[in-house]
Amino acid sequence: MHDIKWIRENAEAFDAGLARRGLDAAAASVLDVDARYRAAQTQVQVAKNRRNQVSKEIGAAKGRGEGADGLVAKVGELKDLIRNGEQEERRLSAEIEELLSPLPNLPADDVPDGLDETANLEVRRVGQLPRFDFNVRDHVDIGEALDMMDFESAARISGARFVVLKDGLARLERGLTNFMLDIQTEEFGYQETKPPSLVRDAAAYGTGQLPKFAEDLFHTDDGYWLIPTAEVPLTNLVRGRILAEDDLPIRRTAYTSCYRSEAGAAGKDTRGMIRQHEFTKVEMVTIAHPDYSDDELEFMTKCAEIILQRLGLAYRVVVLSCGDMGFSARKTYDIEVWLPGQDTYREISSCSNCGDFQARRMQARFRPKGESKGTRFVHTLNGSGLAVGRTLIAVLENYQRSDGSVVIPEALRPYMGGREVIRAAD
RNA sequence: GGAGGGGUGGCCGAGUGGUCGAAGGCGCGCGCUUGGAGAGCGCGUGUACGCUUGCGUACCGUGGGUUCGAAUCCCACCCCCUCCGCCA
């Protein structure tokens, strides 16, 4: 949600930011409603002021045992004015909300211009690409040959975009999860958290999924939304709160299932485990002091990268262009892992600084130290550390051998009961 | 599913029609005290919006209503908790 006061004072910058997102100017129409809203508000306030004064006089008169009919009639005249004014005020306020709530966050200054992924900028490349002296297979061929990845069975029970993992690969998913969580908690200080996977409207609104992206989410008959990412519950842990400055930063990590309808992705990535309705992810969320959120984004991105480095996986980091960023983000780094089976880099983590955009929606603030009055909105950040399913894909494709077996990265072996290789009938 | 209780400021907790933005406590801030810290004492301390530099308005879960006037009375809704039943 945008700050209407800021828009008043920076209308041009606001429209310029929207333009970078590929959106039409909105300041003029918003400010027009805003002006009418404030006029109505002032009118109501003046009327209420008079009503309150006269009411006090009535109370005083009655206290003295005097009649007050004239005064009562006077207030009666104000009632309609107040009632209608309040109605108008509410209507205009809702109109402003309707205009603002579908608008995405404005890009940070250092975000590259451009409306899609072709304008993303590569920031760095890390790690050696693996070489193979045989024909590489993708994770589907590898997993099915091992008899540990079963899309047919998944389709039988759940339909398309689901998978059943078995034996070594089921264990690999669990091992990767624990590996990631241990690093994020023990080395980087993220507080391990186990949040609900079902949330209410208010939470989905707070992080920006609602009202605009309802069709991307699964929801239940009784009004819950299945989380598309642990960002939703983790970030909303501070919804409606006023924190102490010393509480910041709050760094949390959670392993959850994530549910996405993939409504707009029909026919995209239909093969394999890349794009599923349900997948697991270790997520990082930071509630940060606004003065330090930029640094925090760099830190968070590093925390994701180090997982890949420990696993010996090659990757690159790109900064997303204005138009490719998610709704709530003001700056986003995507980390893309090298997938030999696809001969390309694919997104495995996305780390975003949302500034105060979500905090406004959530009313999440802190009290600046040394000041007894006033609050500031916190900044919120989220990032994958990492998407577990895609990490599993990366391990399979990067560590495959010609005989169909897969070497387990050394750092992961303690999490795999000491095993060094995954092979068929293992 | 059945029965009951409850939502008040950063937190706890008073308050059943005007003098209530709201007692008291905790926390926080400043000061005194101290070698320093703590304790103690004193003063201060809600949020947001509008107009203006001092006022005004709103907010006691949300939305309506009654009333000259509502935290307080009425209606609807939302949420939380307890007990019983059922269940992972």
Side-chain angles (χ1 to χ4, degrees), chain A residues 1-9 30-98 100 194-206 210-211 219-225 233 236-248 250 257 287 289 356 359-378:
Chain A
M1 181 62 72
H2 294 285
D3 180 4
I4 185 76
K5 270 199 214 164
W6 188 87
I7 298 173
R8 263 177 229 152
E9 288 155 21
V30 171
L31 290 179
D32 172 59
V33 180
D34 177 55
R36 285 188 281 140
Y37 167 69
R38 281 187 294 159
Q41 188 180 26
T42 301
Q43 201 178 357
V44 167
Q45 287 182 2
V46 169
K48 281 184 172 176
N49 185 17
R50 282 192 58 203
R51 180 200 61 190
N52 291 347
Q53 281 176 1
V54 177
S55 288
K56 268 184 193 165
E57 288 171 29
I58 292 171
K62 288 197 170 172
R64 292 191 299 269
E66 299 168 5
D69 290 352
L71 294 173
V72 171
K74 206 179 199 176
V75 173
E77 292 169 21
L78 292 170
K79 282 186 93 173
D80 281 347
L81 191 64
I82 291 172
R83 196 190 306 265
N84 293 336
E86 278 183 330
Q87 240 170 43
E88 179 77 348
E89 201 182 329
R90 254 195 310 279
R91 192 182 63 75
L92 292 168
S93 169
E95 199 174 321
I96 293 172
E97 164 101 14
E98 273 168 41
L100 286 184
K194 175 65 188 74
S197 299
L198 268 52
V199 300
R200 297 187 185 286
D201 288 7
Y205 178 85
L210 296 182
H219 60 96
T220 70
D221 286 345
D222 40 3
Y224 293 104
W225 301 92
N236 275 283
L237 283 170
V238 297
R239 192 171 106 254
R241 293 188 57 189
I242 300 179
L243 305 161
E245 183 166 358
D246 284 342
D247 293 339
L248 306 175
I250 298 171
S257 289
I287 310 302
H289 191 291
D356 63 7
R360 285 181 188 286
R361 291 176 160 248
M362 295 189 301
Q363 287 293 301
R365 292 163 287 175
F366 72 97
R367 201 179 292 283
K369 226 175 163 180
E371 295 175 34
S372 54
K373 289 181 93 95
T375 58
R376 292 179 70 186
F377 286 105
V378 298

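Below, chain A is the first sequence line, B the second, and so on; all start at residue 1. All values derive from a computational prediction rather than experimental measurement.
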Quick one: what's the B/S/- string for nucleotides 59-64 of chain B, heavy-atom cutoff under 4.0 Å, read 5' to 3'?
-> -----S
Considering only the [atom1] atoms, how many Å lie between [N] and [M], rounded to the nearest integer?
N	M	atom1	result
B/C78	B/G40	P	47 Å
B/G61	B/G1	C1'	26 Å
B/U57	B/C20	P	16 Å
B/G63	B/C68	P	23 Å
B/A3	B/A39	C1'	50 Å

Please figure out whether A/Val46 or A/Arg8 has its closest RNA chain B nucleotide nearer the 5' end.
-> A/Arg8
Which sits closer to the 5' end of RNA chain B, A/Thr42 or A/Lys79, going by the nucleotide each is nearest to?
-> A/Thr42
Give a yes/no answer on whether the side chain of A/Asn49 brings an N or O atom under 4.0 Å of OP1 or OP2 in B/G56.
-> no
Establish whether the base of B/G50 is bridged to the side chain of A/Gln41 by a donor-acceptor pair shorter than 3.5 Å.
-> no
Touch check for A/Arg365, heavy atoms < 4.0 angstrom, all strands: base, sugar-phosphate only, or nothing?
-> sugar-phosphate
Checking all strands, does A/Arg360 fall into the base, sugar-phosphate, or nothing category for heavy-atom contacts under 4.0 angstrom?
-> nothing
Minimum side-chain heavy-atom gap A/Asp356-A/Val378 below 4.5 Å | no
Residue pair A/Asp34 / A/Ile96, side-chain heavy-atom distance below 4.5 Å | yes
Strictly under 6.0 Å, is that where the ring centroids of A/His289 and A/Phe366 end up?
-> yes
Looking at CD of A/Gln53 and NZ of A/Lys74, how far apart are the two atoms once the value is rounded to the nearest 0.5 Å?
-> 9.5 Å
For RNA chain B, consecutive-pair runs of 3 or more (Watson-Crick or G-U wobble, both H-bond-type distances under 3.5 Å) give B:1-7 with B:78-84, B:10-12 with B:24-26, B:27-32 with B:40-45, B:46-51 with B:54-59, B:61-65 with B:73-77
Is the [atom1] atom of [X] crowded by more than 12 outside heavy atoms at less than 6.0 Å?
X	atom1	value
A/Gln43	CD	no
A/Arg50	CZ	no
A/Arg360	CZ	yes

When you measure from the side chain of A/Ile242, which nucleotide among B/G10, B/C68, B/G50 comes out closest?
-> B/G10
List the steps, then state whether salt bridge (charged side-chain N to carboxylate O under 4.0 Å, His left out) holds for A/Glu95 with A/Arg91.
-> CA-CA 6 Å; A/Glu95 199 174 321; A/Arg91 192 182 63 75; 3.4 Å; yes
